[in-house]
There are 2 protein chains.
Amino acid sequence: MGQFPFQRLQSQLSELIHSLPADSRLPSEPDLARQMGVSRATLREAMRSFEGQGMIRRRQGVGTFVVGKVPVLESGLEVLESIETLAHRIGLSVKTSALHVERIEADEALARVLSLPVNSILTRVSRVIFTDSRPVAYLVDTLPEEFLTPLELGSGFTGSVLDLMLRRGSPKLSTSRTEIRAITASSEVARALQVQRDDVLLQFIAYLYSDGGQIVDYSLSYFLPGYFRFHVVRRVG
Amino acid sequence: MGQFPFQRLQSQLSELIHSLPADSRLPSEPDLARQMGVSRATLREAMRSFEGQGMIRRRQGVGTFVVGKVPVLESGLEVLESIETLAHRIGLSVKTSALHVERIEADEALARVLSLPVNSILTRVSRVIFTDSRPVAYLVDTLPEEFLTPLELGSGFTGSVLDLMLRRGSPKLSTSRTEIRAITASSEVARALQVQRDDVLLQFIAYLYSDGGQIVDYSLSYFLPGYFRFHVVRRVG
DNA sequence: CAGTGGTCTAGACCACACG
DNA sequence: GTGTGGTCTAGACCACTGA
């Protein structure tokens, strides 16, 4: 056995993956491990990075597949827009699924971020965005009941709280302060996005303000790298 | 044995870590695995996420330590500034180490991003930023020799190409287009930042333009989450 | 040198998808 | 049921640190 099984493995796997057509299936893990002359644990560890780069996709009970070119949702961060609007502008088709609307009470942490008393009534909207028959973003909006009640969400509601407010025209919105983080997927988010626990994600934590300076919406967004490309133009000095 | 060793493990470990004072050492991995009633592999997998969150730090040959509160470098993305300038503005002390300056030739990929002929002479400046006696950022600048030669870098050069150009006053700089990604650490970057391979990092890919529209500098930046907090103010519609 | 974290192995059992 | 990926185990050896 070589002294650096891991690096050798990665290049071997890279060649194998690139040599196969899109959507084709790789050998099963036990078979592939035997072929490569390593244990299954080592094989899986090496595969992790390829999955993180979006080159392969593993589906439990089915197999491991080569991923072809994927549509990319590219956007500047200067202007706030919904994923739906972004996709439409680019000419890409996205679908909302797993749309859930809940009525919840503010715990201490939520009360603090929304500047409200504890136990205030809130509306929570969570949803998963699909494109290319794959979940690529998981979005959770939390906002005071005064701005949105579950009852207001009739048919035709796509899940975008931002678009709904813009369509409604009230409250008047001004800006969103968005923090950008790199994180690993929790069990909950991993399930929603059909990735492994501990896979890398881009996270936005956003506070949306009305033109009166009030916090209208607190949102958490999780994006699959590879399907999104965010950029910002920074001025010097 | 319980049916979900992993989740139980995580909460047990979380309690243990929080119950210990900063900088204290955890039991060795074999000991801890025995105490928790799991195999060492499972223990290490659970520890990964804590390390990713910056709660613990593992050092080969030494041990695993609880990390206390760490200084955070917070910054908006609207304005481009060097890490040194940012740290100074916040009142934090950072040190540059592993400063390397090379003279290289543009390969095909570099030539394309810098809009130059292949084999053009380039200057590459790479460095690691320390704070709190820990590497927290790894920065690589690549730029045409006409803008910076290795010879220009006398003593007092901190490593910031941006600051040097601003001090020098030429070329005149306008904006930087910065792409923001969540990635896992390659072996090279992992070594520089003293983290595990596959640990999550925030990456900036930046193109710095002169006011003539020419690309002056192409930079890759890798940030340890937990030590940096980047945000952007987005306007609506 | 002894002790630590980093890597790897061979095998087992589980949860899941699909015929 | 059969075969897949997901998880876990017990043990081994390596690379590194610091006394």
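The chains referred to below are lettered A, B, ... by the order of the sequence lines, with proteins before strands, and numbering in each begins at 1.
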**With sequence neighbours excluded, residues passing side chain to side chain donor-acceptor pair (under 3.5 Å) with B:R57** = B:Q194

**Item:** Any donor-acceptor pair under 3.5 Å from A:T131 side chain to A:S93 backbone
**Value:** yes

**Message:** Distance check needed: D:dG6 P versus B:L9 CG, whole Å only.
**Reply:** 20 Å

**Prompt:** Short question: side chain of A:R134, backbone of A:L193 - any donor-acceptor pair under 3.5 Å?
**Reply:** yes

**Item:** Distance-only donor-acceptor check, side chains A:S160 and A:T158, under 3.5 Å
**Value:** no

**Item:** Those residues that, when tested against B:S24, pass side chain to side chain donor-acceptor pair (under 3.5 Å) (two or more places apart)
**Value:** none

**Results of side chain to side chain donor-acceptor pair (under 3.5 Å) for A:T142 - residues two or more places apart only** = A:R124

**Message:** Is it true that, when you exclude B:R103 itself, more than 12 heavy atoms of the residues, nucleotides or ligands shown sit nearer than 6.0 Å to its CZ?
**Reply:** no

Polar pairs (N or O, both sides) under 3.5 Å between protein and nucleotides 11-13 of chain D?
residue: D:dA12; atom: N6; partner: B:R40; partner atom: NH1; Å: 3.2

**Message:** Can you measure A:D199 atom CG to D:dG5 atom C1' for me and round it to whole angstrom units?
**Reply:** 14 Å

**Message:** Using whole Å, what does the distance between atom C1' of nucleotide D:dT7 and atom CZ of A:R44 come to?
**Reply:** 8 Å

Pull out every protein N or O sitting under 3.5 Å from an N or O of nucleotides 2-4 of chain C, one pair per line with the distance.
residue: C:dG3; atom: N2; partner: B:G61; partner atom: O; Å: 3.1
residue: C:dT4; atom: O2; partner: B:G61; partner atom: N; Å: 3.2

**Prompt:** Which residues pass the side chain to side chain donor-acceptor pair (under 3.5 Å) test with A:S82, sequence neighbours left out?
**Reply:** A:T85, A:D163

**Prompt:** Which part of the nucleic acid, if any, lies within contact of A:E45, taking any heavy atom under 4.0 Å across all strands shown: a base, the sugar-phosphate backbone alone, or nothing?
**Reply:** nothing

**Request:** Please tell me which of B:L26 and A:L43 maps to the more 5' nucleotide of DNA chain C, matching each residue to the nucleotide holding its nearest heavy atom.
**Result:** B:L26

**Message:** Any base atoms under 4.0 Å from A:R57, or only sugar-phosphate, or nothing? Heavy atoms, all strands.
**Reply:** nothing

